[in-house]
Amino acid sequence: IMNLRRSKPLFAFLTMIAILVTSVGAFALERAADGQYHTGATVRKKRFIVLVDVYALGHMMKELPAQPTIQGVIDADVDKTFVLQMLRGVSGEKMTSAIGDAFKANGYADAARIAKFTAVFGEEVANKTTIRISYNAASKTTTASVSGGKTATIDGDAFMKAMWSCFLKNPDQPSMGPDLISKLKR
């Protein structure tokens with residue numbers, strides 16, 4: 001027969017281990033119903049006279065990166081998507097200029113691919129418009145589509161890495177990258 005004095009500390013220790021194992025699992029990122037891991041979200045703000053919300057932005061991936069870092073997400077050769085929901089109307093010219101500046105800030109200068117990509121914006125990107133930017137790892141293509149509008153597909157993983165860098169690595173809003181991978185950091 002086991003001594004009760006010895007069994008209480010053992011029982012307490014085993015209970016504590018079970019709680020820790022269960023708690024660690026509770027923080028693991030799980031696939032959403034769409035089969036993607038939703039890694040984070042943010043709101044793009046721009047200062048005009050006052051600070052205004054321009055678009056809400058979410059990021060998702062089919063598989064998690066080997067390294068849960070900004071560079072790990074950029075380099076991951078897996079299906080992944082940004083979804084932008086416009087929170088105000090923006091001219092196509094301003095969208096094209098902002099994206100061109102973002103590519104330049106991240107060292108990407110293929111003018112033909114950038115022009116093909118930004119052509120989806122047209123004259124105006126209206127409030128509540130959804131823009132999807134998706135990378136297909138099997139075909140090594142990045143596709144931009146505007147709800148009710150145009151679609152453009154650009155080949156090559158170099159373009160994808162440049163596009164992901166625009167939002168994650170070197171955006172003009174420093175909190176954007178960390179916010180978009182915040183669920184990987186738990």
Side-chain angles (χ1 to χ4, degrees), residues 28-42 44 54-86 90 92-126 128-172 176-185:
L29 186 59
E30 295 183 17
R31 285 186 199 271
D34 63 3
Q36 302 276 328
Y37 292 99
H38 294 241
T39 64
T42 192
R44 171 70 170 101
V54 180
Y55 55 81
L57 176 65
H59 182 258
M60 56 209 71
M61 305 176 77
K62 184 82 172 187
E63 302 298 332
L64 295 175
Q67 297 176 9
T69 62
I70 287 173
Q71 194 62 50
V73 171
I74 292 167
D75 291 340
D77 192 20
V78 301
D79 293 356
K80 51 190 172 182
T81 303
F82 287 113
V83 178
L84 291 80
Q85 177 72 45
M86 298 303 293
V90 177
E93 182 181 324
K94 284 184 181 179
M95 289 290 290
T96 298
S97 176
I99 290 174
D101 291 347
F103 277 121
K104 185 177 180 181
N106 284 286
Y108 188 79
D110 188 327
R113 285 194 165 124
I114 294 169
K116 182 178 179 182
F117 179 82
T118 57
V120 301
F121 300 121
E123 296 291 317
E124 174 84 14
V125 182
K128 298 184 181 177
T129 298
T130 299
I131 301 167
R132 294 182 66 81
I133 303 169
S134 301
Y135 176 68
N136 182 305
S139 64
K140 305 277 189 245
T141 56
T142 302
T143 300
S145 60
V146 177
S147 60
K150 300 177 184 178
T151 298
T153 299
I154 315 299
D155 64 329
D157 64 345
F159 183 83
M160 173 276 289
K161 289 180 182 182
M163 183 76 255
W164 259 249
S165 293
C166 288
F167 290 115
L168 296 174
K169 190 174 186 179
N170 211 6
D172 66 354
M176 189 175 281
D179 289 349
L180 289 168
I181 69 163
S182 62
K183 292 183 180 180
L184 295 176
K185 300 285 186 170

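One is the number of the first residue; the rest follow in order along the sequence. As a basis for the values below, the full set of heavy atoms in this structure was taken, side chains included, without hydrogen atoms, waters or symmetry mates.
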J.: Are side-chain heavy atoms of Leu168 and Met176 found at a separation under 4.5 Å?
T.: no

J.: Do Arg132 and Val146 have side chains that get closer than 4.5 Å, going by heavy atoms?
T.: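 Counting from C-beta outward, Arg132 and Val146 never come under 4.5 Å.
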
J.: I'd like to check the ring pair (Phe, Tyr, Trp, His ring centres under 6.0 Å) partners of Tyr55; sequence neighbours left out, ordered by chain and number.
T.: none

J.: For Val125 and Met86, which heavy atoms make the closest approach, and how far apart are they?
T.: CG1-CG, 3.5 Å

J.: Lys80 side chain to Ala76 main-chain N or O, any donor-acceptor pair under 3.5 Å?
T.: yes

J.: Could you tell me whether the side chain of Ile133 reaches within less than 4.5 Å of the side chain of Thr81, counting heavy atoms only?
T.: no

J.: Check the pair Ser165, Asn106 against side-chain hydrogen bond (donor to acceptor under 3.5 Å, both in side chains), reporting the backbone distance first and the verdict last.
T.: CA-CA 7 Å; Ser165 293; Asn106 284 286; 4.5 Å; no

J.: Would the distance check show the side chain of Thr118 and the main-chain N or O of Ile114 forming a donor-acceptor pair, the cut-off being under 3.5 Å?
T.: yes

J.: Between Pro68 and Ile181, is there a side-chain heavy-atom distance shorter than 4.5 Å?
T.: no

J.: Hey, is Lys94 close enough to Asp101 for a salt bridge, meaning N to O under 4.0 Å?
T.: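 No, this pair does not count.
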
J.: Can you see which heavy atom on Gly40 is nearest to which on Ser182, and at what distance?
T.: CA-OG, 4.1 Å

J.: Within the distance-only criterion (no hydrogens, no angle test), does the side chain of Lys116 pair as donor or acceptor with the backbone N or O of Thr153 below 3.5 angstrom?
T.: yes

J.: Report the relative orientation of the aromatic rings in Tyr108 and Phe103; use parallel for angles under 30°, tilted for 30 to 60°, perpendicular for over 60°.
T.: tilted

J.: Just how far is it from atom OG of Ser145 to atom CD1 of Ile131, taken to the nearest 0.5 Å?
T.: 9.0 Å

J.: Side-chain contact, heavy-atom cut-off 4.5 Å: Thr141 with Ile154?
T.: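 No, side chains not in contact.
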
J.: Looking just at side-chain N and O atoms, do Tyr135 and Asp157 make a donor-acceptor pair shorter than 3.5 Å?
T.: no

J.: For the residue pair Val90 and Val54, establish whether any side-chain heavy-atom pair is separated by less than 4.5 Å.
T.: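 Sidechains of Val54 and Val90: in contact.
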
J.: Does the side chain of Gln85 come within less than 4.5 Å of Lys128's, by heavy atoms?
T.: yes

J.: Return yes if some donor-acceptor pair links the side-chain N/O of Ser97 with the main-chain N/O of Glu93 below 3.5 Å, else return no.
T.: no

J.: With rounding to the nearest 0.5 angstrom, report the CG to CG distance, Leu57 to Leu84.
T.: 4.5 Å

J.: On the 0 to 90° scale, with breaks at 30° and 60°, tag the Phe82-Trp164 ring pair as parallel, tilted or perpendicular.
T.: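 Tilted, since the angle between the ring planes falls between 30° and 60°.
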
J.: Under 6.0 Å from the CD atom of Glu63, do we count more than 12 heavy atoms belonging to anything else shown?
T.: yes

J.: Met95 and Phe121: which non-hydrogen atoms are nearest, and at how many Å?
T.: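 Looks like CE-CE2, 3.8 Å.
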
J.: Under 30°, 30 to 60°, or over 60°: which ring-plane class applies to Phe159 and Phe117, parallel, tilted or perpendicular?
T.: tilted

J.: Would you find more than 12 non-hydrogen atoms of other residues, nucleotides or ligands less than 6.0 Å from Lys62 atom NZ?
T.: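 Not more than 12 within 6.0 Å, no.
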
J.: Go through the steps for His59 and Thr42 under the test side chain to side chain contact (heavy atoms under 4.5 Å, CB included), then give the verdict.
T.: CA-CA 9 Å; His59 182 258; Thr42 192; over 6 Å; no

J.: To the closest 0.5 Å, what do you measure between CE (Met60) and CZ (Arg31)?
T.: 13.5 Å

J.: Testing the 3.5 Å rule here: is there a donor-acceptor pair between the side chains of Ser134 and Thr143?
T.: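 Judged by distance alone, the side chains do not pair up.
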
J.: Do Pro178 and Ile70 make a side-chain contact, defined as non-hydrogen atoms from C-beta onward lying under 4.5 Å apart?
T.: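 Contact flag for Pro178/Ile70 side chains = yes.
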
J.: Just jot down the salt bridge (Lys or Arg N to Asp or Glu O under 4.0 Å) partners of Asp79, sequence neighbours excluded, or say none.
T.: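 Here no residue qualifies.
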
J.: When rounded to the nearest 0.5 angstrom, what distance separates CG in Leu29 from CG in Leu184?
T.: 6.0 Å

J.: Can you confirm whether more than 12 heavy atoms, excluding those of Lys161, are under 6.0 Å from its NZ atom?
T.: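 Result for NZ/Lys161: enclosed.
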
